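Below is one structure, written out as structure tokens, with a few remarks after it.
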Amino acid sequence: MLHLFRHSLLSMIGLALILLVVFIAIFAPLLIQEHPSYVEVSTDQGTTRVEERWDINFENKLLPPGPEHYFGTDDFGRDIYSMVVWGTQISLKLCLMVVLTATIIGVILGGVAGYFGGKIDEIIMRVTDVFLAIPYLILAMAVAAALGRSIENIMMALIVVWWPQYARLLRGQVLSIRENQYVEAARSVGASGWRILFRHILPNSFSPLLVQITLDLGAVLLVAAGLSFIGLGASPGTAEWGLMISMGRTHMFHAWWYVTFPGLAILITVLGFNLLGDGIRDITDPKLRR
Amino acid sequence: MQLIPDPPGKIIDGQIFFEGENLLEKRAKDMQYIRGNEISMIFQEPMTALNPVYTIGDQIAEVLILHKAVGEVDKKEIKKYDIIGKRKQKKNLKKKSIKKAVDSLRMVQIPDPEKVAEQYPHELSGGMRQRAMIAMMLACNPKLLIADEPTTALDVTVQAQIIDLMKDMQRRTNAAIWLITHDLGVIAETCDKVGVMYAGYIVEFGDVQSIFDWPNHPYTRGLLKTIPKITKKRGKLDIIPGFVPNLITPPSGCRFHPRCKYATSECKKTPPPLVEVEKNHFVACHHYEDVKLSVISKYQQVKP
Amino acid sequence: MKTWEYITRRLILLIPVLIGVTILTFVVSHVIPADPAMHFAGGPKAQPETIERIREELHLNEPVLVQYFYYLNDLVHFDLGKSYLESRPVTDSLAQYFPATLELTIFAMLISIPLGIVGGIISAIRRNKLSDHITRFIAIVGYSLPIFWLALMFQYAFAYQIPILPLEGRLSIGVSAPPPVTGLFVVDSLLAGDLEACGSALYHLLMPAFTLGFATLALILRMTRSSMLEVMGADYIRTARAKGLSERTVIFKHALRNALIPTVTVSGLSFGALLGGAVLTETIFNWPGMGRFAASAVIGLDFNSVMGFTLVVAITYVLANLIVDLLYAVIDPRVKLGGV
Amino acid sequence: MNDEIILKTDHLKEYFPIKSGIFSKVKDYVRAVDDVDIYIQKGETLGIAGESGCGKTTLGRTILQLIKPTDGKVFFMGSDLSKINKKKLRKLRPHLQIVFQDPASSLNPRMIIKKIVGEPLVINGVAKGADLEKKVLELLKTVGLTEQHMYRYPHEFSGGQRQRIGIARALALNPDFIVLDEPTSALDVSVQAQILNLLKDLQKRFGLTYLFITHDLSVINHISDRIAIMYAGKIVEVAPTKDLFKKQLHPYTQALLSAIPIADPNIKSKRTHLRGEVPSLIHPPSGCNFHPRCPKEMPKCSKIEPELKESSKGHFVACHLY
């Protein structure tokens, strides 16, 4: 499969970008100069939770990029480069968790709806209608607001928002694949409904699903960063890209680097996912291969 | 017709002569004039070949206006900035051409042509669409009509109607028809001359009568024998072994040699030239004489 | 089926969706929070008496179904509760902010859709040429950009480094707002004959509308390009060429209308993205719209406002998609209204 | 061939509902198979011929219970398939198999050939492990493929080869009866002949009974013993192949046969012209559904539906003329 990527320069770039981002995420602790420490704080609900804290050093406040601090420092004198690199882990973890969970929920519900049809189908589809009637960012915002501010709650909110489209996608796939004669052939030799669903239909809907997953990894990152930017999500001081941009906003005109570098990090990651997703689509969909 | 977009398709070499002129040397503008006016073409899938968002009448009228079959906007009569006057003329023109479009629909025996002209392609049946397509392409009385598998997507009874219609239209308009098909039956019934193609090459060309009676190329012969016929008694069908080769890496020499029982080492090396074996009968085969002999001997065995 | 019949049918079909939306917002506001009363009161720092009062007010001591009934009853009377942030009914706040958001969204669409379509056509026609690569690159970057970051970058570039555009707001200082008729400043100022206000309003719209519409532009460009390419390979395009039509006529008359069909669908869907993006864009450009209101409500834990906003957006979005479906039927005669 | 009837249908009907309106009420039906009575004798080939959309494909599927019939019965070796429960039906499945028209979509693109051909054996618990491999190889050899084809994916094969794989799969469970649904219409003529010969050989070797569905009358003439002509959901004429080609009774059959172009320029066919096109199955014409196109239409044709009657031995026709 890899050799097919070679035909498209853009998808090669996408693949390279994603590999780079994943590399950075894995080896983040080795790549940075400053490391966060962890403290236990009490929450609104009276429980405690662990949060990351970065050393504050007001003497180094808002230093421009240079050999000491590649991306400069923020208004608390923290090294932006270290935080951006560290943030890769947080972002990737968030995207993967959200998209994979949403996929699992969506595949099960959509598969069942599409294959068995009837009342179940009707109910599941009406529910997705409702979810899809509200724009992602806004529904996620409402849910996250209700759940309370934290990264975990943003994840929950995004999963709630994201699963319906997978259910839709899979249902559509099942309905079209079901019409293939090999499904009928399997029935004519006595295969059971579940066997047909798992052996014949799901493997064949894998490609479009993979494309959607890849593209969504980027889309989820964008929405999550947007939520953090508004003030939902990570607590202040965490190395989360959206949050960093939000913090840097007030210093934008005299410290351009504060908002620029976290934003570039988001752009590069999302771009990577989008290019890769497009590439996979072109490879797996012969109709679009021209 | 130079309708293959470039890229991916490109005419590498050769010439196409139409009424003594080489079409490949024509400018794009002149080609546009020839298309639809002097040479027109109908396609296999009447569903996809008609634009789904315009009415049948509009689509036929478009050709008529384009090739000025109903006159044109008189530029002299109207001042440059007289937009209203221009529109009026255009409207008139459109009305006239729609009327003519209805006439041409009537000519291809479409019942209730006024209504059909206002309908969209998806509202018509396959046979009707193909009729509308023929009406559109014959609207400007072309000299040559290229028909690419015009009946393949249709049922036999409708196919019979369309074939008769095409023959009838030919008689009326005196156009030459170039029919492309895989159905030997259709060829036998409609054509005067036939060219047999295999893997990009014309392997045999001649009068229908002589090709069907005396096929000189082994491929033509095989082809004629493999089709089950309703007129013949049953038994095992003759087969051509193997599969049609792909055109990316075609076999060397004569492209048919891997499937041919007459093949020799010569066939592997050199592609055979197209030679005239008798008047108006051309064959591209190194061993056409052997093939001919075997046909004759078999024929004689049956005869006495 | 006639158009009005179709519209009625679609509106009837909207009812279950909207009921679903109310259930969803109800669940989000009354069930998910650990203690809704505390939430409505403004978080853990609220006084116990206030929480108790709210508990009474919101019938939180009653069974869930009864609570939903109260919630629905309020909705029917256009009562979305009180905004704790602005100390007035949420409906009043939304009514005030809605036109500003509408104006911004409409202008974002006016910028992005035509540009996207033109770009898509150019890209498709000059396939694999330099201009195609450039437009495609812009497109793919366009929908990979975090909109709030793009907004900040624009502000930095065009309001600070090369100060040619206003940093924020709807009107310049010193220009008074036109008398409200529609609430859209551009329209109202024209109605009042106040060209200065109109100019100022347009001037202030430029940057936020472009920012908001950029992702949509990218999406539409991409969609138009790929559907143009697909349509250009269709049989009827070959037919059109075989008729002897010029390449121009083939592209603009035969290909474009067919290629626009998927683009129209995408435009409808992207309206949702625009409403979502408005939350971020309005916050940054200090645009007095619903989005900014919602964003500050989220921070201020003003829960009623957030839910009211969500509901209004859902209704707007659903209606926008209805309009798109109607448009769809205009462009594509194959879509029989009602043949769902 | 003997006279034992292996399969028989009794007033078989298959209507597909068309839903519309706000509450998806069933408004009308597509009458794809409308009151069909046919029987097939052991070891013979019954050809079903008709134009596209006449319901012949649906008939094949309904007989195999791949679609539940709306009404009517299907008797296979004495038991009524439409009545028996799922479990019993699954037991009978191995006896009834199908080969599909489109070799591209009838093989799962994500399974290797061994899995595809072996699937029926696995599902029905016939063979496992090494035994399975042996059986699959045997089947592939039967249809003219070799061991090296076992571990490849369907897209690596040509249309003709794929059709052979489909046949191998249908043969896996030693069926008695196979529905062949246009098995050659997606193939080139030269390959079509190969497949037809293969099918004939297999029939002789395993004593198979075929229901051969096609729109191509020259193919059907070549392979079947008896032919049933279908028009708009109904059987209009059934006769032994020889009889049918010698003498057609139903006006539709006459027109259909005369419409086939003959690949011989020496024979100039006399054509019976038909008006119009195949009617929709949603609102079929009243009475005899062929009457609007029939050259020999009589007043009663639009009122009374003709029954399928035996006019001479083995030759049935549904027409008021006889």
Side-chain angles (χ1 to χ4, degrees), chain A residues 10 14 43-46 126-127 129-149 160 218-219 221-223 225-227 229-232 241-242 245-246 248-249 252-253 256 259-260 262-264 266-275 278 287-288 290, chain C residues 16-21 23-25 28-29 31-36 38-39 43-44 136-137 140-141 143-150 152-153 155-156 160 226 229-230 233 271-277 279-280 283-284 294-295 297-299 301 303 306-307 309-310 313-315 317-318 321:
Chain A
L10 283 180
T43 64
D44 294 353
Q45 276 82 31
R126 289 296 81 78
V127 173
D129 274 350
V130 171
F131 277 86
L132 294 173
I134 308 175
Y136 296 144
L137 183 76
I138 288 163
L139 182 58
M141 189 174 88
V143 176
L147 289 170
R149 282 176 214 166
V160 168
L221 182 58
L222 281 183
V223 175
L227 291 177
F229 180 79
I230 301 173
L232 291 163
W241 295 336
I245 296 175
S246 159
R249 203 187 141 199
M252 187 171 65
F253 295 133
W256 57 268
V259 295
T260 306
L264 278 178
I266 300 177
L267 173 62
I268 286 172
T269 315
V270 178
L271 189 66
F273 283 127
N274 281 337
L275 288 172
D278 275 2
K287 250 197 317 200
L288 290 168
R290 14 175 124 205
Chain C
V17 172
L18 287 179
I19 291 176
V21 169
I23 294 176
L24 190 62
T25 47
V28 170
S29 61
V31 182
I32 292 182
D35 186 353
M38 190 170 79
H39 232 100
R136 279 174 75 190
F137 184 73
I140 198 148
V141 169
Y143 59 82
S144 304
L145 271 173
I147 184 171
F148 51 96
W149 186 70
L150 180 70
L152 292 175
M153 289 293 124
Q155 277 189 337
Y156 185 78
Y160 178 70
S226 69
L229 283 179
E230 190 171 330
F271 188 69
L274 288 179
L275 288 172
V279 174
L280 299 166
T283 308
I284 291 169
V298 167
I299 314 256
L301 292 175
F303 217 61
V306 177
M307 297 327 291
F309 169 69
T310 309
V313 167
I315 294 169
Y317 185 39
V318 167
N321 274 311

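A note on names: the letters A, B, ... follow the listed sequences, proteins ahead of strands, and every chain is numbered from 1. Both backbone and side-chain heavy atoms feed into the values below; hydrogens, waters and symmetry mates do not. Predicted model only: the values in this text are computed from it and were never measured.
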| request: Check the pair Val259(A), Gln155(C) against side-chain contact (heavy atoms from CB on, under 4.5 Å), reporting the backbone distance first and the verdict last. | output: CA-CA 12 Å; Val259(A) 295; Gln155(C) 277 189 337; over 6 Å; no

| Portion of Tyr143(C) that has a non-hydrogen atom of chain A nearer than 4.5 angstrom | both

| query | Side chains of Ile138(A) and Leu275(C): closer than 4.5 Å at any heavy-atom pair? | reply | yes

| query | So, do Tyr160(C) and Met252(A) sit near enough that their side-chain heavy atoms are less than 4.5 Å apart? | reply | no

| said: At a heavy-atom distance under 4.5 Å, which candidate from Thr260(A), Leu275(A), Ile266(A) has the highest pair count against chain C? | reply: Thr260(A)

| said: Between Val306(C) and chain A, with a heavy-atom cut-off of 4.5 Å, which part of the residue counts as in contact: side chain, backbone, both or neither? | reply: side chain

| query | Where does Val28(C) contact chain A at under 4.5 Å (heavy atoms): side chain, backbone, both or neither? | reply | both

| task | Could you tell me which non-hydrogen atom of Pro135(A) sits nearest to which non-hydrogen atom of Tyr317(C), and how far apart they are? | result | CD-CD2, 3.9 Å

| note | Under 4.5 Å to a heavy atom of chain A? For Ile284(C) that would be both

| query | Out of Trp149(C), Phe271(C), Phe309(C), Tyr156(C), which one racks up the most heavy-atom pairs below 4.5 Å with chain A? | reply | Trp149(C)

| said: Could you report the tightest heavy-atom contact between Leu137(A) and Gly277(C), atom names first, then the distance? | reply: CD2-N, 4.4 Å

| message | Taking side chain as everything from C-beta outward and backbone as N, CA, C, O, which of these in Phe303(C) sits under 4.5 Å from a heavy atom of chain A? Side chain, backbone, both or neither. | response | side chain

| field | Among Leu264(A), Leu221(A), Thr269(A), Val223(A), residue most engaged with chain C (heavy-atom pairs, under 4.5 Å) | value | Leu264(A)

| Closest-packed option against chain A by number of heavy-atom pairs under 4.5 Å, given Thr25(C), Val21(C), Val318(C) | Val21(C)

| note | Max heavy-atom pairs within cutoff under 4.5 Å with chain A, candidates Ala297(C), Pro146(C), Gly272(C), goes to Pro146(C)

| request: Please flag which part of Ser29(C) lies under 4.5 Å from any non-hydrogen atom of chain A: side chain, backbone, both or neither. | output: neither

| Given the options Val17(C), Ile140(C), Val141(C), which has more heavy-atom pairs under 4.5 Å with chain A than any of the others? | Ile140(C)

| Among the listed options Gly218(A), Ala225(A), Ala140(A), Gly231(A), the residue most often paired with chain C at heavy-atom distances under 4.5 Å | Ala225(A)

| field | Minimum-distance pair of heavy atoms, taken over all atoms of Ile134(A) and Ala314(C) | value | CG1-CB, 3.7 Å

| message | Run the side chain to side chain donor-acceptor pair (under 3.5 Å) test against Asn321(C) and tell me which residues pass, sequence neighbours left out. | response | none

| message | Is Ile230(A) in contact with chain C via its backbone, its side chain, both, or neither, using a 4.5 Å heavy-atom distance? | response | both

| query | If we only count heavy atoms from C-beta on, is the Arg136(C) to Asp278(A) side-chain gap below 4.5 Å? | reply | no

| request: Find the distance between CG (Leu227(A)) and CG (Leu280(C)) and round it off to the nearest 0.5 Å. | output: 8.0 Å

| remark: Greatest number of non-hydrogen atom pairs under 4.5 angstrom with chain C, of Val143(A), Asp129(A), Ile268(A), Asn274(A), falls to Asn274(A)

| side chain to side chain contact (heavy atoms under 4.5 Å, CB included) against Phe131(A), all qualifying residues, sequence neighbours excluded | Val127(A), Leu139(A), Val160(A), Trp163(A), Pro164(A), Leu24(C)

| message | Please identify, among Ala294(C), Ser144(C), Gly20(C), the residue contributing the most non-hydrogen atom pairs under 4.5 Å to chain A. | response | Ser144(C)

| task | Give a yes or no on whether Phe253(A) atom CZ has more than 12 heavy-atom contacts from other residues, nucleotides or ligands under 6.0 Å away. | result | yes

